[in-house]
Peer 1: 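One structure is given below, represented as structure tokens, and several questions about it will come after.
Being a predicted model, the structure only gives us computed values, none of them experimental.
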Amino acid sequence: MILFDTTMGPLVFADQYLQLSARLPSHNIYGLGEHVHQNYRHDTNWRTWPIFTRDSFPNGGTHNLYGHYPYFLCLEDESGKSFGVFLMNSNAMEVTLQPAPAVTYRTIGGVLDFYILLGDTPEQVVHEFLELIGKPMIPPYWSLGFQLSRWDYGSLDEVKKTVERNRAVDLPYDIQYTDIDYMEDKKDFTYDEVNFKDLPQFADYMHEKGQKYILILDPAIAISRRINGPYEAYDRGTQKNAWVTEADGITPLVGEVWPGVAVFPDYTNPSCKEWWTDEYVRLSKEIKHDALWIDMNEVSNFMKGSIKGCDDNNLNYPPFTPSILDGVLYSKTLCMDSKQTWGNHYDVHSLYGYAMVLATKDALERVFEGNRSLMLTRSSFPGVGKYSGHWLGDNAANWNDIKWAIPGMLEFGLFGIPYIGADICGFFDDVSEELCRRWMQVGAFYPFSRNHNAQHYKPQDPAVFGADSLLLNTSKHYLNIRYTLLPYLYTLFYKAHTTGDTVVRPVMHEFYSDSNTWTVDRQFLWGKHLLITPVLDPVSTCTGSERMTFRKQQVEMYLPADKLGLHIRGGAILPIQRPAVTTVYSRLNPMGLIVALDDNNRAAGELFWDDGDSRGILTKSDGVSGELTIQVMHSGYSDPNNLKFENITVLGVSSPPVTVNVTHNNNNIVVSTFKYDTVKQVLYLRDLNLTLGQNYTVRWDQVRDPVPETQRFDCYPEPDSDETKCRARGCIWGTSTNEGVPWCYYPEDYGYTATTVIEQPSGWSFDITRNAGLRSSGRPESPDINSLRVEIKYHSADLLQFKIFDPTNKRFEVPVPLNVPSTPETDETKRLYIVHVKKQPFGIQVIRKSTGTLIWDSALPGFTFSDLFIQVSTRLSSDYVYGFGETEHASYKHDLNYHTWGMFTKDQPPGYKMNGYGVHPFYMGLETTADAHGVLLLNSNAMDVTFQPTPALTYRTLGGILDFYIVMGPTPELVVEEYTALIGRPVLPAYWSLGFQLCRYGYANDTEIADLYREMRAAGIPYDVQYADVDYMERQLDFVLDSQFQGLPALVDHMRGEGMRFIFILDPAIGANETTPYSAFDRGVEDDVFIKWPKELSNDIVWGKVWPDFPGVVVNESVDWDTQVEIYRSFAAFPDFFMNRTATWWHREISDFYTKTMKFDGLWIDMNEPSSFVHGTVGEKCLGPPYVVCVFPALESRHRGLNHKTLCMNSQQHLSDGTPVKHYDVHNLYGWSHTKPTYDALLSVTGKRGIVVTRSTYPSSGKWAGHWLGDNNSSWDQLYKSIIGMMEFSLFGFSYTGADICGFFNPAQYEMCLRWTQLGAFYPYSRNHNGKFNPVSNLAIYLSIQ
């Protein structure tokens, strides 16, 4: 895929105008800033965004704001593959997004310096961008507490009143700010000695209660004197030449900001940085405080350029001005020709805030030395996040701004500033109680959580609304939750600091495979595990449930006035701590864990803990059903408070535990204080006293009943189960009122045991033994095999195989060649999976390394391996399973509520639970993390699969071995790519075969085809391919032209001369009762190509009956079908296409037909399941003793046996190497074996690629042929189910697939056919095909009716 294609537009590179355009692969574009983006995903309908730092209000317009971010992320598609594009350029610019989709950059200076970052997921792209620009700082722990501020408290007394009233109501509250009103006349490095006379001691006042104090500094420095003397900060700066100068490089540029007429520090000047640090050190000695807030650093100037104005030159008035606010570069800032050490302000304007951050970083390090402290900046540039946080600027108290804060936070996560938030309750305007209440709820989950408002507006701190107010109570409730979760939030910042993880995370980053998440920006995540769903509209409540068990659905939740939505994702372990009113006090309290088990009863999490400023402990927790492990990964800090894990809450525990034990240093302690909530399925462990920084294992043993119904695995799949038969197999009998639940099920120890199990670098090889004491599996005709060999091979990073077989007696193995690497992947770090072997009962567990998801777990009861019956079960990673075929499925996603699907190739039109033409024992599973994997069972015997809501899957097959292949994805599309790499990539069809095609069973003669062709041409309907079904053959004999179609060769030549293509049908069955020479049969007998009985029974051909008729008969189609078959159908022989000589014979017959009878462009092979109109053989009595089938899979007509509508199972075939095999083992491979010789013959005879279309398929058939979905009905349900069928065959490696448009059987109703034709125009294989005796459904006929 081309990601960034600059060939679509010209490159313009002039001195003051640079333009570049690039086509993008998708519309999923995120980032660019700083602006207010009303939605997280960009609108690509010709939207232009200027980028140039500016002091402006974030009121929803498209104008430029405080920061400069020419960076965006693009999600390509559902695979998750993404890329980032960063233009390292600080000049004023604009970026236009257009519907192509494409992006155009226009900048007015510098160079075009692009960085392209590629990732498999959006989150990985963020990691790579932050590797480039620098990973974010980890803020001090106290800075994650709630914060209060306002512009113009008026006096320190008013500040203290605010502090006291919020302390009095026990509001969790860590930090108090003062804005510029604390200063003397708004001059930096001063304080108002009248209204704020006690400010030097204010920090001590805050510290007494465990709180912090932060003050503000702006860059502009007044040139006027102080009230009682000189303004020494200005004087010292002048001595240092610290100011931005006019164009002459000497005269300080003078503007006006809050303190009045002012100069502007040039932070790019080392002398200025020294001055700034020195002034800050002086201030810190005078006014004690804890951190610094820097503002107005875009840089903001209330004059246009300077008090003198700006000269008329090409810097102040360039040839092109981007679409910035006011349309003038120096509006509300400095003249562009002013000088800084790094260059003209024209070039470095957007770096002003960045340079101020660097200078402030030095100043903070000088004052706070080893402690981290905190910086908060308004203006920013890529890389600022290494040193500072950011807030979203001077918003307003309205419902738009509460919404738009979420896209803003998500974007700054992309930009590398995870310490981000908006002014809670709005900066400008008086706020309503309802809006402030809702904003306090969501603001409790802003990483930077500060309530801040402006001069002259009503106070909006929570306590001002009243001690019993709903606003205060809900604020306390959610701030207490925040403080409870601070260990988790702090760990997220540690992950951001060390790996580049986002803290506030878009839902799309975790669930990119669901396109509905691409536009979600009214919710956000903390990390990957906590979903926050705020109410962002007035008077809005919804209804719903508290436990979400469904996926990929929009759900309405009950969110009354005091609630927002909080959901923990299954699979999470969240570290928590008992909250207090400040972080100083909360850090003294006991800790705990919330464990939310996923569908596989697993969970994992991490905790980073330090003193809040420096050293730390990294603890990792892993949970699996019944066990929780706490392990210290790195210990560099011992907490002086001797913190303990006191409480652990486990969500999703399905049954009450009998005992709970804690193991520490090999000592086992019984936990007596635990409680289980049976309704919510929550286990509460209390008073545990587990010391932070030490290793523990917590285990709980759950009550078994004796096996929960969803954990039962069927011991008696046969239809005649009863308690006596069940117990005879050593199984458990237990009735159930729930439909589908097995009444006869395996005990937990039923299966095999592995003894000596050692992993090698390339895999495993070991023996397993059937568990002693078990009764026979209950099928005397199929003796159990007591000793088996297991081989597990690590083929590649994303492919592994495990094979279970009898090492002493060779059993049938599928001869389909697969593309496996010649050397295994022995480097464990490269593999996407981990394999564990459970010894008792034996099972294989495959775990996705990146997420810990268990994607295969066959350590379940019921593993059976007998001569003619094999059964194995596995847990599934989720309810989202797709594939298995070929059979009609009512939905693409499988229903796991006890459904069984048979697989055995059969001439069976689509129908519910009816096994169809092909066999594909392959499925794709989605995991709860949105990763995906695929599993192939390479076994060609009759089988079925049963789903159950555990979720789990049971395979039952009637022979062969178990040979599984797992591809690891991790996206659905990558699963298909890896699967087709294994079985073979789909055939590339000829271009013409993508055109529309017409066919019918029942053309009377060649004139009817000629008339059809003429009508379609006259109607002007796009139409590329015409077919002939078996009616073109003399009595349905392959390679023989019927007397009514003698003109067909000339018609075909004529049509091909006009650009058409023609395809004929060929069936495998060859008529055998001809009274005149029939070369196809005669030469076949001569070459010994037909399927025969085993030699010990007979040397005769196994006769069937299919379409060929006896010579000289006239078929009366009014008599019933069975009578027709008996009196009209001739004996037929079936070629054994496994044999090389059969391929040679088949090639010769096709070649002779092409050269001697008529030309064709493609071949359509049908009836190759193989289908026979008699059961087993003519006379329906197979030679030899009855072939034993001990368990009939869930097949159509299972009561008729496997011989139904096909050959006897003991018919003998021969593989290409001469090995004799029973049709019993290779029946499902007949169509596969038929396809390649047909494809080879077509290529050889025509010299062109053409196309082969086959009805019966098996994995890898798609290398040679396309497929249609068979003889469907003309009905609405078949129309929509065709989509499901096509999507499944795409999984199976068939790109060229489609259904018979308008249906094969039954007359087509007009509206349905109209809709089907509309849909069918987008089938990859687009063919209208209907059956005999039905009205013609070609488009020209419908047009003539209209």
Peer 1: Is it the case that the ring center of Trp151 lies less than 6.0 angstrom away from the ring center of Trp258?
Peer 2: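 Yes, ring centres under 6.0 Å apart.
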
Peer 1: Is it true that the NZ or CZ of Arg378 lies under 6.0 Å from the centre of Trp293's six-membered ring and within 45 degrees of the ring axis?
Peer 2: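 Relative to the ring axis of Trp293, which defines the angle, Arg378 lies outside at least one limit.
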
Peer 1: Got a salt bridge between Asp362 and Arg366, using NZ or NE/NH1/NH2 to carboxylate O under 4.0 Å?
Peer 2: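 So Asp362 does not pair with Arg366 through a salt bridge.
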
Peer 1: Flag the pair Lys458 and Asp430 as a salt bridge only when some basic side-chain nitrogen lies within less than 4.0 angstrom of an acidic carboxylate oxygen.
Peer 2: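 Salt bridge between Lys458 and Asp430, a charged N being under 4.0 Å from a carboxylate O: no.
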
Peer 1: Are Arg282 and Phe189 in a cation-pi setup, meaning NZ or CZ lies under 6.0 angstrom from the ring centre and within 45 degrees of the ring axis?
Peer 2: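 No - Arg282 does not lie over the ring of Phe189 by the 6.0 Å and 45° rule.
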
Peer 1: For the residue pair Arg236 and Gln239, confirm or rule out a side-chain donor-acceptor distance under 3.5 Å.
Peer 2: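 Side chains of Arg236 and Gln239: no pair found under 3.5 Å.
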
Peer 1: Got a donor-acceptor contact below 3.5 angstrom from the Asp185 side chain to the Lys187 backbone?
Peer 2: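 No; zero donor-acceptor contacts below 3.5 Å.
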
Peer 1: Checking the side chain of Asp218 only, and the main-chain atoms of Ala220 only, is there a donor and an acceptor separated by less than 3.5 Å?
Peer 2: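 Not confirmed, Asp218 side chain does not pair with Ala220 backbone.
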
Peer 1: Scan residues 163-175 for pairs that pass salt bridge (Lys or Arg N to Asp or Glu O under 4.0 Å), counting only residues two or more places apart or in two chains.
Peer 2: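 Matches after skipping sequence neighbours: Glu164-Arg167, Arg165-Asp461.
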
Peer 1: Is the closest basic N to carboxylate O distance between Lys304 and Asp326 below 4.0 Å?
Peer 2: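 Not counted as a salt bridge, because no side-chain N and carboxylate O are separated by less than 4.0 Å.
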
Peer 1: Does the Asp423 side chain pair with the main chain of Gly426, one donor and one acceptor, at a distance under 3.5 Å?
Peer 2: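 Answer holds: no.
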
Peer 1: Going by the angle between their ring planes, with limits at 30° and 60°, are Tyr494 and Phe608 parallel, tilted or perpendicular?
Peer 2: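 Parallel: the ring planes of Tyr494 and Phe608 meet at under 30°.
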
Peer 1: Under 6.0 Å between ring centres, would you say that holds for Trp49 and His37?
Peer 2: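 Centroid separation for Trp49 and His37: below 6.0 Å.
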
Peer 1: Determine whether a donor-acceptor pair (N or O, by modelled atom type, separation under 3.5 Å) exists between the side chain of Asp192 and the backbone of Val194.
Peer 2: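 Yes; judged by distance alone, with no hydrogens or angles, the pair exists.
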
Peer 1: Tell me whether Lys288 forms a cation-pi arrangement with Tyr213, defined as NZ or CZ under 6.0 Å from the six-membered ring centre and within 45 degrees of its axis.
Peer 2: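 Relative to the ring axis of Tyr213, which defines the angle, Lys288 lies outside at least one limit.
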
Peer 1: Can a salt bridge be assigned to the pair Glu433 and Arg437 using a cut-off of 4.0 Å between side-chain N and carboxylate O?
Peer 2: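 Yes, charged N to carboxylate O under 4.0 Å.
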
Peer 1: Under a 3.5 Å threshold, yes or no: a donor from one side chain and an acceptor from the other, between Ser155 and Asn195?
Peer 2: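 No, no side-chain donor-acceptor contact under 3.5 Å.
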
Peer 1: I'd like to know if the side chain of Asp501 and the backbone of Lys495 have a donor-acceptor N/O pair within less than 3.5 Å.
Peer 2: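 Judged by distance alone, no pair lies under 3.5 Å.
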
Peer 1: Given the ring of Trp391, does Arg450 sit roughly above its face, with NZ or CZ under 6.0 Å from the centre of the six-membered ring and within 45° of the axis?
Peer 2: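 Judged by the rule, Arg450 and Trp391 form a cation-pi pair.
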
Peer 1: Answer yes or no: is there a donor N or O on one side and an acceptor on the other, between the side chain of Thr333 and the main chain of Tyr330, under 3.5 Å?
Peer 2: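 Between the backbone of Tyr330 and the side chain of Thr333 there is no qualifying donor-acceptor contact (under 3.5 Å).
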
